[in-house]
Participant: 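Sharing a structure below in structure tokens format, with a few things to ask.
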Amino acid sequence: MHDTTSQLGKDSGHRAWWVAAIAGVAIVVAGAFSTMPGILQEPLHHEFHWSRGSISLAASVNMILYGLTAPYAAALMDRFGIRRVVLAALGAVAVGAALTTTMSAAWQFTLFWGFLVGLGTGSLSMTLGTTVTNRWFTTRRGLVTGILSSGSVLGQMVFLPALSWTIDHYDWRPALVSLTLAALAVAPLVCLVLRDHPADAGQRPYGSDTFVPRPAPATGAARRTVTVLRSATRTAPFWLLAGAFAVCGASTNGIMWTHFAPAAHDHGMAVTTASTLLALIGIFNVVGTIVSGWLTDRMDARRLLAVYFFSRGLLLISLPLIMTDTVSPPMLAFVVVFGLLDLATVPPVIDLCRTFYGNDSAIVFGWTNAAHQIGAASASFLGGVARDTFGSYDPVWLVLGAACAVAALLSLVIGPRPTTSSAAPQKTEVTRTAKRHLGQPRPKPGIDVERLLSARPGACRLGRSGVRELEHGDAGHHGGARGQPSAAQSLTEEHGTE
């Protein structure tokens, strides 16, 4: 009892929580940048007379790069460390936002905001949260993932009303300067607190009983990122997750955070009021994402995803009926429920990536997140085109509601979690293969292999462990370390080459 109490006390002050907190602050600041295209549309349209399609193009490029950068950022964190990548990303978003204040043409908006800010925020996406969680935590991963996932929306909630007020009372340029200063202010905290691995602080991962040495830097970050993608694309779960997550991006970042405020303004609602509703969505988003992480530790992630998508689809279809020039009770109900569901999909998706792809889960999730951002970019651009074409956003809400129903079905057909029983047939084949290799080279005449294994318990244990490692390695997702000798090789070296 004393040991358990002492263990809990030690974990409660673990450095992992401080590292997660600073990573969360960086994600919060990056999240604030994602809200800007929605509240910049009207000011840029009036000042420069740009079409909504051209403004949405910059937002779409930003979202695509956000998604494509994420898997490479995860690999770069394995190569250069978390802290260096986060500092470089904060510098990129600060420079991009500052240059945006000097633009005079639409292509400059695409370059400064679309490319620079997209690269920076992509490196501060949930791949950062996934990497921190995988390295610093062995327990409560779902909860930590939920908390960090809510960071981007928390940034929207904290910054959006203030940014919207600044634009209404002053100009859009001071709002971007505020974001630039916020990004620069986080950099010293990252330098002081953030560490790449528990071993750097002389600690074990949270919840672990053993000290884990810091692994050697992974070389060839770009090659590894592509290799992991190539391997993942040969599996059905990746495509199902990517398809469902693309719909997730289209129905949240792509349409809500880019076009909700303009759509509400079409119905006579003030942009500041619409921005406040988005901030309220962010408040409930934090609650929903944390609760979803808690549920992911306890329930089937596939069923959670299906429920989330189906419910979100119903909400989007109902939106044209409840959007008015004032904040009505149905609209408040929409804000609460949509907020609870908005990013609730992230913890189950990360859990499924971790289940199917093991140590490569951060990179695989990065590629899945790329699909999320491609969906978001498509909805952002096509939403603007639809508004210019039809004069209304109503068709967009209906199409995305139907897409969410498809995503719910995709979530349900994802294969079950790999289990020991499902791997049993493969174990038999691997065992036979190992035994065949035991005969090459042949043992001395008169030595029976089965009798040799039973007479040498140590060798027998090594063989069984090696077979398990070989089995998992062949499975491709749960394997032991590459390059480790198999059971057959170990026993052959010990007994077959005399």
Side-chain angles (χ1 to χ4, degrees), residues 67 126 142 145-146 149-150 153 232 235-257 260 281 284-285 287-322 333-357 364-365 367-380 382-383 393-417:
M126 262 313 299
T145 298
S149 299
S150 67
V153 181
T235 65
F238 173 81
W239 290 108
L240 295 171
L241 285 171
F245 220 37
V247 174
C248 178
S251 56
T252 53
N253 299 45
I255 192 66
M256 290 299 294
W257 300 112
F260 178 81
I281 289 178
F284 291 99
N285 206 325
V287 177
T289 310
I290 294 174
V291 171
S292 178
W294 183 84
L295 290 174
T296 302
D297 286 334
R298 293 161 175 80
M299 298 179 63
D300 190 334
R302 298 168 300 163
R303 295 182 180 180
L304 286 175
L305 280 178
V307 171
Y308 296 156
F309 279 120
F310 184 76
S311 302
R312 185 189 295 173
L314 293 178
L315 289 173
L316 291 175
I317 290 174
S318 68
L319 189 56
L321 303 176
I322 63 178
F334 172 89
V335 166
V336 172
V337 180
F338 193 91
L340 293 174
L341 297 173
D342 189 0
L343 276 183
T345 55
V346 174
V349 170
I350 291 178
D351 179 74
L352 289 170
C353 288
R354 188 181 296 122
T355 297
F356 286 102
Y357 303 105
V364 174
F365 175 73
W367 284 115
T368 306
N369 194 56
H372 179 282
Q373 293 307 114
I374 290 174
S378 300
S380 176
L382 294 177
Y393 284 100
D394 290 353
V396 179
W397 306 123
L398 298 177
V399 170
L400 289 177
C404 286
V406 174
L409 294 177
L410 293 178
S411 303
L412 289 175
V413 299
I414 296 174
R417 295 170 178 267

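Along the sequence shown, the residues carry numbers beginning at 1.
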Participant: Would you say the side-chain atoms of S292 pair up with the backbone N or O of G288, donor to acceptor, closer than 3.5 Å?
Facilitator: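 Here the side-chain-to-backbone pair does not exist.
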Participant: Could you check if a side-chain atom of I255 sits within less than 4.5 angstrom of a side-chain atom of W397, using non-hydrogen atoms only?
Facilitator: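 They are in side-chain contact.
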Participant: So which atom in A301 and which in L352 form the shortest heavy-atom distance, rounded to 0.1 Å?
Facilitator: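 Nearest pair, atom of A301 first, then L352: CB-CG, 3.9 Å.
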Participant: Which atom pair, heavy atoms only, marks the closest approach of L315 to F334?
Facilitator: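 Answer, listing the atom of L315 first, then F334: O-CE1, 3.5 Å.
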Participant: So, for G383 and V396, which heavy atoms are closest and what is the spacing to 0.1 Å?
Facilitator: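 Closest approach of G383 to V396: CA-CG2, 4.3 Å.
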Participant: Give, for atom CD1 of I290 and atom CG of L343, the distance between the pair rounded to the nearest 0.5 Å.
Facilitator: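 Rounded to the nearest 0.5 Å, the CD1-CG separation comes out at 11.5 Å.
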Participant: When rounded to the nearest 0.5 angstrom, what distance separates CD1 in I350 from CG in L241?
Facilitator: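 Rounded to the nearest 0.5 Å, the CD1-CG separation comes out at 11.5 Å.
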Participant: Output side-chain donor-acceptor pairs under 3.5 Å for residues 371-378, partner residues at least two apart or in another chain, one line each.
Facilitator:
from: H372; atom 1: NE2; to: G249; atom 2: N; distance (Å): 3.4
from: Q373; atom 1: NE2; to: M63; atom 2: O; distance (Å): 3.3
from: S378; atom 1: OG; to: I374; atom 2: O; distance (Å): 2.8

Participant: Looking only at heavy atoms, which two atoms of R312 and L341 are closest? And how far apart?
Facilitator: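 Where R312 meets L341 most closely, the heavy atoms are NH2-O, 3.1 Å.
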Participant: For residues N285 and L340, determine if any side-chain heavy atom of one lies less than 4.5 Å from a side-chain heavy atom of the other.
Facilitator: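 SC-SC contact between N285 and L340 ruled out.
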Participant: For a 4.5 angstrom cut-off between non-hydrogen side-chain atoms, does V406 reach V247?
Facilitator: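 The answer is no; the side chains never approach within 4.5 Å.
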Participant: Please name the pair of heavy atoms, one in S251 and one in F338, separated by the smallest distance, quoted to 0.1 Å.
Facilitator: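 Closest heavy-atom pair between S251 and F338: O-CZ, 3.5 Å.
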Participant: Indicate whether the side chain of S411 and that of Y308 have a donor and an acceptor atom separated by less than 3.5 Å.
Facilitator: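 No, no side-chain donor-acceptor contact under 3.5 Å.
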Participant: What's the spacing between L314 CG and F309 CZ if we round to 0.5 Å?
Facilitator: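 One gets 13.5 Å once the value is rounded to the nearest 0.5 Å.
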Participant: Can you see which heavy atom on P347 is nearest to which on T289, and at what distance?
Facilitator: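 Here P347 and T289 meet closest at CG-O, 3.9 Å.
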Participant: Any side-chain heavy-atom pair from F365 and V346 closer than 4.5 angstrom?
Facilitator: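 Yes, close enough: below the 4.5 Å cut-off.
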Participant: Side chains of R354 and T145: does their closest heavy-atom pair fall under 4.5 Å?
Facilitator: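 Side chain of R354 against side chain of T145, heavy atoms only: contact under 4.5 Å found.
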Participant: Report yes if the side chains of V337 and S311 come closer than 4.5 Å at any heavy-atom pair, otherwise no.
Facilitator: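 No. Closest side-chain heavy atoms not under 4.5 Å.
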Participant: For the residue pair T235 and Y357, establish whether any side-chain heavy-atom pair is separated by less than 4.5 Å.
Facilitator: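 When only atoms from C-beta onward are counted, Y357 and T235 do touch, with a gap below 4.5 Å.
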